[in-house]
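None of these values were measured; they are calculated from a predicted model. Order of appearance sets the numbers: ligands from 1, and atoms from 1 within every ligand.
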Amino acid sequence: MKFLRLNSKVILAPMAGITNLPFRLLCLEYGAAAVFTEMVSADALAMGNRNSFSLAQTDALEKPVGLQLFSSNADNLVKAAEMMQKDFDFIDINMGCSVAKVLKQQAGAYLLKNPARVAQIITKVSDAIDIPLTVKIRSGFNSVNAVEIAQIAENNGAAALTIHPRTAMQGFSGDADWDIIKKVKENIDIPIIGNGDIKDAPDAARMLDKTGCDYIMIGRAARGNPFIFRQVNEYLDDGKIIAQTNAQKIADFMRYFELAEKFNLMSLNDIKTKAQQFTRTLPDSCRLRREIAALNDIKKIKELITELN
Ligand SMILES: Cc1cc2nc3c(=O)[nH]c(=O)nc-3n(C[C@H](O)[C@H](O)[C@H](O)COP(=O)(O)O)c2cc1C
């Protein structure tokens with residue numbers, strides 16, 4: 001099945017603990033072409049774990065959105081994908097996560113060590129669902145095999161592939177090797193989403209230009225900064241960088257707060273973290289960070305940020 005036709009080039013990366021429903025909606029409002037949920041355990045969904053369903057919370061307003069699943073078990077991936085597909089525009093399988101908790105389950109980037117398992121999973125899940133299946137990979141586990149894995153993905157039914165070109169063993173060290181994105185793109189016909197180290201709009205344009213990838217994906221640079229999607233789209237259109245004012249950064253946090261309230265997703269921890277992330281580039285942000293950390297009441301955090309105006 002073909003991937004979706006997206007309205008712009010720039011996609012929000014899945015980020016555990018960050019890309020919840022209100023944050024994703026805000027990124028879509030700012031022009032993200034598509035968004036992904038954070039990784040959700042297909043094993044836990046298949047067992048009916050309530051907490052995992054809340055990580056997969058979406059809304060009819062949220063479009064296009066992909067549900068990212070992780071597991072090493074093809075049957076659980078099939079079960080979870082079949083169960084959840086009605087609420088999503090595509091399903092993504094995480095074959096890139098390198099955190100110990102996921103590798104211990106032989107999931108995430110661990111799968112890159114086993115191309116036969118990759119083929120089996122992609123075949124089974126793509127056959128089972130009526131929406132596109134995508135996969136997100138790293139360049140390899142401890143050595144690079146991205147082109148081989150991407151070919152397997154394409155030949156077995158994946159509609160698009162995201163690549164973050166660092167090996168799992170590299171974690172986030174060193175630079176993302178954009179030449180690997182280029183190699184994958186040259187060898188594959190399905191749309192390629194390039195990811196890794198895009199810090200600003202000119203980086204986004206450079207990745208498109210250097211690698212020929214179809215779409216670009218932004219992770220860390222979007223934390224507390226959904227405005228980056230408007231900047232990238234504008235820059236790709238006319239080469240101009242729109243500056244973001246401090247007032248806009250505060251307004252963005254307020255909009256996040258409003259959406260979190262609307263969808264009943266207010267937690268002290270999340271509001272604290274988001275308040276710190278959204279205000280990270282304001283003047284005197286170190287002091288502000290400490291002040292936010294010391295507050296134990298969501299309303300007080302909102303008041304503190306409102307008073308910055
Ligand atoms: C806090 C955090 C959480 C992440 N969680 C996920 C995840 O749930 N699924 C996934 O595929 N990648 C996850 N990633 C990786 C990102 O999607 C992305 O591939 C990586 O950060 C490189 O892109 P960037 O340089 O734009 O940040 C996470 C990254 C960070 C920093």
Peer 1: Indicate yes or no: does Lys183 engage Glu186 in a salt bridge with an N to O separation below 4.0 Å.
Peer 2: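 So Lys183 does not pair with Glu186 through a salt bridge.
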
Peer 1: With a cut-off of under 6.0 Å to the ring centre and 45° to the axis, is Arg206 in cation-pi contact with Tyr235?
Peer 2: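 Because its charged atom misses either the 6.0 Å distance or the 45° angle limit, Arg206 does not stack over Tyr235.
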
Peer 1: Of the protein's non-hydrogen atoms, which lies at the shortest distance from atom 26 (O) of ligand 1, and what is that distance?
Peer 2: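 Here the nearest protein heavy atom works out to Gly219 N, 2.8 Å.
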
Peer 1: Considering only non-hydrogen protein atoms, determine which one is nearest to atom 30 (C) of ligand 1 and report residue, atom name and distance to 0.1 Å.
Peer 2: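 Going atom by atom, the protein heavy atom closest to atom 30 (C) of ligand 1 ends up being Met15 CG, 3.9 Å.
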
Peer 1: Can you find an N or O of Phe172 that's nearer than 3.5 Å to an N or O of ligand 1?
Peer 2: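 No; the residue has no nitrogen or oxygen that sits under 3.5 Å from a nitrogen or oxygen of the ligand.
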
Peer 1: Starting from atom 1 (C) of ligand 1, find the nearest protein heavy-atom neighbour and note its residue, name and distance.
Peer 2: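 Going atom by atom, the protein heavy atom closest to atom 1 (C) of ligand 1 ends up being Ile18 CD1, 3.8 Å.
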
Peer 1: Taking distance alone, with N or O pairs closer than 3.5 Å, would you say Arg166 contacts ligand 1?
Peer 2: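 N/O-N/O distance below 3.5 Å does not exist for this pair.
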
Peer 1: Got more than 12 heavy atoms from elsewhere within 6.0 Å of NZ, Lys182?
Peer 2: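 No, the 6.0 Å shell around NZ holds no more than 12 heavy atoms from other groups.
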
Peer 1: Between Asp252 and Arg255, is the closest basic N to carboxylate O distance under 4.0 Å?
Peer 2: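 Salt bridge absent between Arg255 and Asp252.
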
Peer 1: Does only the side chain of His164 get under 4.0 Å from ligand 1, or the backbone, or both, or neither? Count heavy atoms.
Peer 2: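 It is the side chain that touches ligand 1; the backbone stays farther off.
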
Peer 1: State, to 0.1 Å, how close Pro115 and Glu148 come at their nearest heavy-atom pair, and which atoms those are.
Peer 2: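 Taking every non-hydrogen atom into account, CG-OE2, 3.4 Å.
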
Peer 1: Quick check on contacts: which atoms of ligand 1 are under 4.0 angstrom from a heavy atom of Asp197?
Peer 2: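 With Asp197 as reference, the close atoms of ligand 1 come out as 24 (P), 25 (O).
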
Peer 1: Can any side-chain N or O of Ser8 pair as donor or acceptor with the backbone N or O of Gly31 at less than 3.5 Å?
Peer 2: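 Side chain of Ser8 to backbone of Gly31: a pair is present.
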
Peer 1: Would you mind checking which non-hydrogen protein atom is closest to atom 9 (N) of ligand 1, with the distance to 0.1 Å?
Peer 2: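 In this structure, atom 9 (N) of ligand 1 has Gln68 OE1, 2.7 Å as its nearest protein heavy atom.
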
Peer 1: Quick test of your reading of the model: are Glu234 and Lys240 salt-bridged, counting only N-O distances below 4.0 Å?
Peer 2: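 Answer for the salt bridge query: no.
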
Peer 1: I need the nearest protein heavy-atom contact for atom 23 (O) of ligand 1: residue, atom name and distance, please.
Peer 2: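 Going by distance alone, atom 23 (O) of ligand 1 is nearest to Asn195 ND2, 2.9 Å.
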
Peer 1: Would you say Gly196 touches ligand 1, if touching means a heavy atom closer than 4.0 Å?
Peer 2: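 The answer is yes, since Gly196 has a heavy atom less than 4.0 Å from ligand 1.
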
Peer 1: Using distance alone, decide if ligand 1 has a nitrogen or oxygen within less than 3.5 Å of any nitrogen or oxygen in Ala13.
Peer 2: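 It does not: no N or O of Ala13 is found under 3.5 Å from an N or O of ligand 1.
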
Peer 1: Counting each atom of ligand 1 from 1 as listed, which ones have a heavy atom of Asn94 under 4.0 Å away?
Peer 2: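 It comes down to these atoms of ligand 1: 9 (N), 10 (C), 11 (O).
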
Peer 1: In terms of residue, atom name and distance, what is the protein heavy atom nearest to atom 12 (N) of ligand 1?
Peer 2: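 For this ligand atom, the closest protein heavy atom is Lys136 NZ, 3.1 Å.
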
Peer 1: Give the residue and atom name of whichever protein heavy atom lies nearest to atom 5 (N) of ligand 1, and the separation in Å to one decimal.
Peer 2: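 Looking only at protein heavy atoms, the one closest to atom 5 (N) of ligand 1 is Ala16 N, 2.9 Å.
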
Peer 1: Without hydrogens or angle criteria, can the side chains of Asp92 and Thr134 be said to hold a donor-acceptor pair below 3.5 Å?
Peer 2: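 The criterion, which ignores hydrogens and geometry beyond distance, is satisfied for Thr134 and Asp92.
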
Peer 1: If you have a sec, work out which protein heavy atom is nearest atom 13 (C) of ligand 1 and how many Å separate them, to one decimal?
Peer 2: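 In this structure, atom 13 (C) of ligand 1 has Pro14 O, 3.0 Å as its nearest protein heavy atom.
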
Peer 1: Mind checking whether Phe90 and Phe3 have parallel, tilted or perpendicular rings, split at 30° and 60°?
Peer 2: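 The rings of Phe90 and Phe3 stand perpendicular, inter-plane angle above 60°.
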
Peer 1: Among Arg220, Lys199, Arg138, which one puts a heavy atom closest to atom 31 (C) of ligand 1?
Peer 2: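 Closest candidate by heavy-atom distance is Arg220.
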
Peer 1: Less than 4.0 angstrom from a charged side-chain N to a carboxylate O is my criterion; do Glu291 and Arg287 meet it?
Peer 2: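 Looking at Arg287 together with Glu291, the answer is yes, because their closest N to O distance falls below 4.0 Å.
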
Peer 1: Would you say Val232 and Lys9 make side-chain contact, with heavy atoms under 4.5 Å?
Peer 2: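 A side-chain contact under 4.5 Å is absent here.
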
Peer 1: Can you tell which part of Thr162 has a heavy atom less than 4.0 Å from ligand 1: side chain, backbone, both or neither?
Peer 2: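 For Thr162, no heavy atom sits under 4.0 Å from ligand 1.
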
